[in-house]
Amino acid sequence: MTKRSKAYRDAAQLVDRSQLYTPLEALRLAQKTSSKNTDSTIDVVFKLGVDPRHADQMVRSTVILPNGTGKTARVLVFANGDKAEAAREAGADIVGGDELITEVAEGRADFDAVVATPDLMGKVGRLGRVLGPRGLMPNPKTGTVTMDVAKAVSDIKGGKIEFRVDKHANLHTVLGKASFGDAKLLENYQAVIDEVLRAKPSASKGRYIIKAAISATQGPGIPVDALAKAEA
């Protein structure tokens, strides 16, 4: 069993795990139990009633957080010519074609999001073993394989995040920073829960959101009534 720090144990005592908190209550408690030394990230995780082994029950989507994530993502774009220039003008941090593909294949990893033009996906597809485990493989369904690279970069820089269910049917995503305060975190939570519900697969039967928890980085999980009205 992992030995927890005194700070974690003290924070955990503030959480009544026998009850379900409303989203606002959980967010307030997550801020209260966050580290006092850093501006902790606030996360949410959902346990979903899906079987990710079946393609028709995969949950994967994107959402633009109204108040951003609290971190400006470093965006890498695989593109050539005019599209490469458009990506740079939109604020992409790293842009390139064949040489950049080789660099990433050899281990370059100083980026948080990846966009690619369709014409390069034949080559970018070979990076699956590198980008896949980080959840960074470009995908048309999430708008990261596109000819409109400028919009894709702008959306990501503006707070667009991607989420997907893992093999254990857990879906984890960020809600922002503890310093955001109640109102901004609640707005971001509402955007996330709305999109998670919209992304429910038609093949999913029975209860869709089995349970949910909100937490600060290295803080205790706070059980939340995910479908309670998110109001301040």
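With hydrogens and angles ignored, the 3.5 Å screen pairs no side-chain donor or acceptor of Gln57 with any backbone N or O of Ser204. Side-chain atoms of Thr102 come within 3.5 Å of backbone atoms of Asp98 as a donor-acceptor pair (strictly under, hydrogens ignored). Panel note: side chain Thr217, backbone Thr41; a donor-acceptor pair is recorded below 3.5 Å. Formation of a donor-acceptor pair under 3.5 Å by the Lys205 side chain with backbone atoms of Ala203 is not found in this model. Of the possible polar contacts, one joining the Gln31 side chain to the Leu27 backbone as a donor-acceptor pair under 3.5 Å is found. No side-chain donor-acceptor contact under 3.5 Å links Thr142 to the backbone of Thr62. Judged by distance alone, with hydrogens and angles left aside, the side-chain atoms of Lys200 form no donor-acceptor pair with the main-chain N or O of Tyr208 at under 3.5 Å. Under a 3.5 Å cut-off, the side chain of Asn188 and the backbone N or O of Asn67 do form a donor-acceptor pair. Checked by atom type and distance alone, the side chain of Asp93 pairs as donor or acceptor with a backbone atom of Val75 at under 3.5 Å. Of the possible polar contacts, none joining the Lys83 side chain to the Phe78 backbone as a donor-acceptor pair under 3.5 Å is found.
Looking at heavy atoms from C-beta onward, Met137 lies in side-chain contact with Met121 at the 4.5 angstrom threshold. By the 4.5 Å heavy-atom criterion applied to side chains, Pro220 and Val15 are counted as neighbours. Under the 4.5 Å side-chain criterion, counting only non-hydrogen atoms from C-beta, Ile161 is in contact with Thr69. Residues Val50 and Pro201 form a side-chain contact, since some pair of their non-hydrogen atoms from C-beta on lies under 4.5 Å apart. Looking at Leu131 and Val114, their side chains come closer than 4.5 Å, going by heavy atoms from C-beta outward. Counting heavy atoms from C-beta outward, Leu175 and Asp43 have side chains that stay 4.5 Å or more apart. At a threshold of 4.5 Å between non-hydrogen side-chain atoms, the residues Asp166 and His172 do not count as touching.
A cation-pi arrangement is present between Arg134 and Phe111, with the terminal nitrogen or guanidinium carbon under 6.0 Å from the aromatic centre and inside a 45° cone about the axis.
Other residues, nucleotides and ligands contribute over 12 non-hydrogen atoms within 6.0 Å of the CD atom of Glu187. Within a 6.0 Å sphere centred on NZ of Lys47, heavy atoms belonging to other residues, nucleotides or ligands number more than 12. By the neighbour-count criterion of 12 heavy atoms within 6.0 Å, atom NZ of Lys36 is densely surrounded, having more than that number from other residues, nucleotides or ligands. By the neighbour-count criterion of 12 heavy atoms within 6.0 Å, atom CD of Gln19 is densely surrounded, having more than that number from other residues, nucleotides or ligands.
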Run Tyr21 and Ile214 through side-chain contact (heavy atoms from CB on, under 4.5 Å) and show every step you take.
CA-CA 10 Å; Tyr21 293 85; Ile214 287 174; over 6 Å; no

Go through the steps for Val59 and Arg164 under the test side-chain contact (heavy atoms from CB on, under 4.5 Å), then give the verdict.
CA-CA 6 Å; Val59 178; Arg164 65 182 297 171; over 6 Å; no

Audit row: Ile42, Lys177, side-chain contact (heavy atoms from CB on, under 4.5 Å) steps and yes/no:
CA-CA 6 Å; Ile42 306 297; Lys177 293 288 189 178; over 6 Å; no

Starting from the C-alpha separation in whole Å, work towards a yes-or-no answer on salt bridge (charged side-chain N to carboxylate O under 4.0 Å, His left out) for Asp194 and Arg198.
CA-CA 6 Å; Asp194 285 349; Arg198 192 203 65 77; over 6 Å; no

Evaluate side-chain contact (heavy atoms from CB on, under 4.5 Å) for Arg60 paired with Lys141, printing each intermediate quantity in order.
CA-CA 9 Å; Arg60 179 177 185 176; Lys141 294 181 179 178; over 6 Å; no

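Looking at Asp39 and Ser179, their side chains do bring a donor and an acceptor atom within 3.5 Å of each other. Thr146 and Asp148 share no donor-acceptor pair across their side chains, judged by distance under 3.5 Å alone.
The shortest non-hydrogen separation linking Pro138 to Thr144 is CA-OG1, 3.4 Å. The two residues Ser215 and Gly221 make their nearest non-hydrogen contact at CB-CA, 4.0 Å. Considering all non-hydrogen atoms of both residues, Ala191 and Pro66 come closest at CB-CD, 3.7 Å. Among all heavy-atom pairs drawn from Ala199 and Ser61, the shortest one is CB-CB, 4.2 Å.
There is a path of hydrophobic side-chain contacts, each under 4.5 Å, that joins Val165 to Ile209. The hydrophobic cluster containing Leu197 also contains Val44, counting ILVMFWY residues as joined when their side-chain heavy atoms lie under 4.5 angstrom apart, directly or transitively. Cluster annotation: Leu127 is connected to Leu120 through the hydrophobic network of ILVMFWY side chains, with a link wherever side-chain heavy atoms come within less than 4.5 Å. With hydrophobic clusters built from ILVMFWY side chains whose heavy atoms lie under 4.5 angstrom apart, Ile64 does not share a cluster with Ile156. Under a hydrophobic clustering in which Ile, Leu, Val, Met, Phe, Trp and Tyr are joined whenever their side-chain heavy atoms come within less than 4.5 Å, directly or via other members, Leu29 and Val45 fall into different clusters.
Of the options Leu227, Ile193, Leu186, a side-chain contact (heavy atoms from CB on, under 4.5 Å) to Pro23 is made by Leu186 and by none of the others. Across Lys71, Lys160, Lys157, a single residue satisfies salt bridge (Lys or Arg N to Asp or Glu O under 4.0 Å) together with Asp112, and that is Lys71. Between Leu76 and the choices Val153, Leu136, Val104, the side-chain contact (heavy atoms from CB on, under 4.5 Å) rule is met once, by Val104.
The pair Asp110-Arg108 meets the salt-bridge criterion, with a side-chain N (NZ, NE, NH1 or NH2) lying under 4.0 Å from an Asp/Glu carboxylate O. Ion pair Arg88/Glu85 flagged as a salt bridge, since at least one NZ, NE, NH1 or NH2 atom sits closer than 4.0 Å to an Asp/Glu carboxylate oxygen.
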